[in-house]
J.: 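Sending over a structure as structure tokens; questions will come in a sec.
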Amino acid sequence: MPVLIAGGGPVGLATAVELAHHGVRCLVVEPRESVSWLRPRAKTTSARSMELLRRWGLAETLRARAPLAVSWSDQAVFVSSLLGREITRIGGCFGLDLTGSGLAAEPGQQVPQPLVEEVLREAVGDALLTGRQVSGLREDADGVTVRITSANGEEQEVRAQYVVGCDGPRSVTRQAIGSRYEGREDGRPNFNIVFRAPGLAERMPHGPAVHYWVLNPAQPGLAGRLDLEETWWCIAQGVREADPVRLVRNLAGADIEVEILATDPWTARMLLADRYASERVFLAGDAAHQNPPYGGHGFNTGIGDAVNIGWKLAAVLHGWAPASLLATYEGERRPIAADTIEAAAANMTTLAPELADPALMGDEAAFEKVRPAVAEAVLRTKHSEFHSLDLVLGYTYAGSPIVAPDAGERLPHRWLSPGESLYDRLGPAFSLVGDQSAPGVAGVVAEARDLGVPLREVHLPGEPLTLVRPDQHVAWRGSGSLRMALGR
């Protein structure tokens with residue numbers, strides 16, 4: 001087996017889809033037979049992740065099946081309670097307002113993580129082995145022997161050339177390569193609840209929103225809709241264990257009808273693996289990093305990991321690149337995770353408990369007296385949480401040995417015609433973008449032919465040449481070597 005992937009959550013599945021994108025076989029080992037909707041986890045798929053889903057031909061599928069259309073709302077509303085008074089609101093959240101924008105090929109999408117997993121499972125097909133988990137592995141010079149254990153304790157061994165560990169916080173693969181988390185845990189407790197609330201939406205005076213932040217000192221938290229029927233999620237902040245019905249009613253501000261579907265106590269962690277890889281084993285997603293959910297960066301960072309390690313494994317397995325290319329994975333992705341952890345931790349500095357004011361719960365005069373100050377605090381402290389395109393779209397691999405000194409960023413997006421993105425013209429491997437009559441083209445094309453690298457020429461008359469990597473990041477501009485971009 002060329003590649004075995006430990007863990008079939010969204011990052012493991014994305015790694016498998018990326019490998020299939022390059023024609024590489026893999027096996028994804030996942031304990032869960034089916035995807036549960038009771039703990040929806042991530043709810044924001046970023047604009048960048050949606051661009052990568054578009055690259056795989058899956059963006060339209062996900063949007064068509066998402067319970068909340070991207071056009072439904074891009075608002076975060078801050079309220080005294082779900083049925084109470086509005087304090088302020090923030091628009092253009094999470095890149096949901098980017099439809100048709102030149103900044104990105106895709107806007108963000110509010111969609112529960114289970115649906116993302118279902119779409120990716122369908123794309124992976126019979127490469128997914130459920131009801132099993134990776135319980136150990138031994139690496140040697142020629143490959144990795146992986147021990148797989150079933151739910152009833154039966155064991156088997158599988159031989160793979162490479163392993164990608166997407167097996168989460170308690171990663172067996174992280175332990176196997178001697179990697180350790182570094183970081184800290186936030187001491188404040190949180191309590192997730194998924195619930196049905198018939199008629200709640202019709203009673204709310206605030207209109208559509210992706211987040212409703214409740215700034216009630218007695219019960220601060222946030223809530224949102226999982227669909228346009230009766231299913232909701234909420235996070236009660238500052239709560240470790242409590243009656244979930246009472247928590248939901250406190251957030252609503254009334255004794256509404258509630259059916260609890262699931263609960264999940266948690267604390268935020270800011271953790272980063274001290275190393276991402278050995279020679280043949282690589283960590284991705286939560287196995288490599290964990291960050292607070294504020295800003296919606298969690299699994300999206302893992303999707304970036306999946307694409308980065310996926311194309312590099314394909315390049316090595318197809319013979320385009322030396323095995324040393326794989327050493328650039330940690331150098332490129334670990335700093336991105338570190339930046340993301342710090343951004344999410346900064347977002348977590350001010351939550352609903354810090355923004356709440358007892359006067360918000362008083363009479364109309366008391367509310368109006370304090371509302372401007374609270375609104376100002378909200379806009380000052382929470383704007384960056386909902387507007388983080390510099391991080392989502394603007395991260396760079398500058399300084400990597402396989403990009404030129406002035407390169408490494410995502411190829412700037414543009415529309416070539418209505419509905420046709422420049423990204424749609426790129427090939428699955430490398431792309432040479434620019435005026436194809438330029439004198440440097442013949443040399444790059446000859447290099448690609450000599451190395452056996454699929455290269456797509458994208459003609460943009462009069463424009464300088466740009467070598468674009470399989471992950472849509474720029475390797476060099478003007479002139480350069482394909483060998484350099486492959487670590488040769």
Side-chain angles (χ1 to χ4, degrees), residues 5-17 27-45 49 53 58 61-68 109-135 148-152 165-172 190-198 210 222-236 241 244-245 247-248 258-269 284-287 290 292-293 296 298-303 306:
I5 299 168
V11 176
L13 295 169
T15 305
V17 174
L27 177 67
V28 183
V29 180
E30 166 56 41
R32 296 169 300 153
E33 297 280 3
S34 60
V35 176
S36 170
W37 280 70
L38 293 181
R39 288 174 175 81
R41 305 290 185 180
K43 303 163 197 74
T44 301
T45 301
S49 293
L53 282 158
L58 299 176
T61 301
L62 185 64
R63 290 202 198 279
R65 290 163 60 176
L68 305 178
Q109 176 68 57
Q110 287 295 111
V111 56
Q113 180 177 317
L115 180 55
V116 177
E117 291 190 39
E118 287 181 355
V119 169
L120 292 175
R121 279 190 174 209
E122 292 167 11
V124 167
D126 59 9
L128 176 64
L129 175 65
T130 60
R132 308 284 195 280
Q133 64 181 352
V134 171
S135 53
I148 297 174
T149 305
S150 69
N152 61 10
C166 305
D167 46 349
R170 293 176 290 278
S171 170
V172 170
N190 303 276
F191 199 69
N192 282 8
I193 306 170
V194 178
F195 62 97
R196 288 196 184 96
V210 293
L222 61 153
R225 303 185 70 168
L226 284 175
D227 56 39
L228 293 182
E229 296 176 4
E230 300 172 348
T231 314
W232 295 70
W233 60 271
C234 72
I235 303 174
E241 293 284 352
V245 172
L247 291 176
V248 171
V258 178
E259 177 190 357
I260 302 299
L261 301 179
T263 61
D264 187 16
W266 59 279
T267 54
R269 296 177 173 88
D286 284 354
Q290 291 188 66
F299 93 91
N300 291 295
T301 308
I303 300 298

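Count residues from 1 along the sequence.
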J.: Output the distance between atom CG (L38) and atom CD1 (I260), rounded to the nearest 0.5 Å.
T.: 12.0 Å
J.: Answer yes or no: is there a side-chain heavy-atom contact under 4.5 Å between R121 and E30?
T.: yes
J.: Might you point out which heavy atoms bring L58 and V17 nearest each other, and give the distance in Å?
T.: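 Result for this residue pair: CD1-CG1, 4.4 Å.
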J.: Please determine whether a side-chain nitrogen of the Lys or Arg among R65 and E122 lies less than 4.0 Å from a carboxylate oxygen of the Asp or Glu.
T.: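 A salt bridge is present here (some side-chain N lies under 4.0 Å from a carboxylate O).
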J.: More than 12 non-hydrogen atoms from neighbouring residues, nucleotides or ligands closer than 6.0 Å to CD on E229, yes or no?
T.: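 Atom CD in E229 is not crowded, with 12 or fewer foreign heavy atoms closer than 6.0 Å.
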J.: With a 4.5 Å heavy-atom cut-off, do D264 and R41 have their side chains touching?
T.: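 A side-chain contact under 4.5 Å exists here.
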J.: Could you measure the distance from the CD1 atom of I193 to the CH2 atom of W232? Nearest 0.5 Å is fine.
T.: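 These two atoms lie 13.5 Å from each other.
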J.: To the nearest 0.5 Å, what is the distance between OG on S36 and CD on Q113?
T.: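 Reported to 0.5 Å precision, the distance equals 11.0 Å.
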J.: At their closest point, which heavy atom of P40 faces which heavy atom of P114, and how far apart are they?
T.: O-CD, 3.4 Å
J.: At what distance, to the nearest 0.5 angstrom, does CG of L53 lie from CG of L120?
T.: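 With rounding to 0.5 Å, CG (L53) is 6.5 Å from CG (L120).
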J.: List the atom of R196, the atom of L261, and the distance in Å for their closest heavy-atom pair.
T.: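 In this case the closest contact between R196 and L261 is NH1-CD2, 3.2 Å.
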J.: Mind checking ring pair (Phe, Tyr, Trp, His ring centres under 6.0 Å) for W37 and listing every partner two or more places apart, or none if nothing turns up?
T.: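 None.
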J.: Quick one, P10 and E117 - any side-chain contact, counting heavy atoms below 4.5 Å?
T.: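 Sidechains of E117 and P10: in contact.
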J.: Ignoring hydrogens, what is the shortest heavy-atom contact between T15 and A306? Give both atom names and the distance.
T.: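 Heavy atoms only, the tightest pair is OG1-CB, 3.2 Å.
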J.: CG of L68 to CG of L226: how many Å apart, nearest 0.5 Å?
T.: 8.0 Å
J.: Taking side chain as C-beta onward, heavy atoms only, is W233 less than 4.5 Å from L222?
T.: yes
J.: With side chains defined as the heavy atoms from C-beta onward, is the minimum distance between T231 and V194 less than 4.5 Å?
T.: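 They are in contact (side-chain heavy atoms under 4.5 Å apart), so the answer is yes.
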J.: Could you check whether any side-chain heavy atom of L247 comes within less than 4.5 Å of a side-chain heavy atom of C234, counting everything from C-beta outward?
T.: no
J.: Does a side chain donor of either E33 or T130 reach within less than 3.5 Å of an acceptor in the other side chain?
T.: yes
J.: Roughly how far apart are I5 CD1 and L27 CG, rounded to 0.5 Å?
T.: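 So the gap between those two atoms works out to 8.5 Å.
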J.: So, for E241 and P265, which heavy atoms are closest and what is the spacing to 0.1 Å?
T.: OE2-CG, 3.5 Å
J.: So, do L115 and P67 sit near enough that their side-chain heavy atoms are less than 4.5 Å apart?
T.: yes
J.: Only one of T301, N300, T44 passes side-chain hydrogen bond (donor to acceptor under 3.5 Å, both in side chains) with S49; say which it is.
T.: N300
J.: Determine yes or no for a side-chain-to-main-chain donor-acceptor pair under 3.5 angstrom, with S171 supplying the side chain and D167 the backbone.
T.: no
J.: So which heavy atom on F191 is nearest to which on W266, and how close?
T.: N-NE1, 4.3 Å
J.: Without swapping roles, check the side chain of R39 against the backbone of T263 for a donor-acceptor pair under 3.5 Å.
T.: yes
J.: Please enumerate all residues that pass side-chain contact (heavy atoms from CB on, under 4.5 Å) together with D126, with sequence neighbours excluded.
T.: none
J.: Do V11 and D286 make a side-chain contact, defined as non-hydrogen atoms from C-beta onward lying under 4.5 Å apart?
T.: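 With C-beta onward as the side chain, the pair stays apart.
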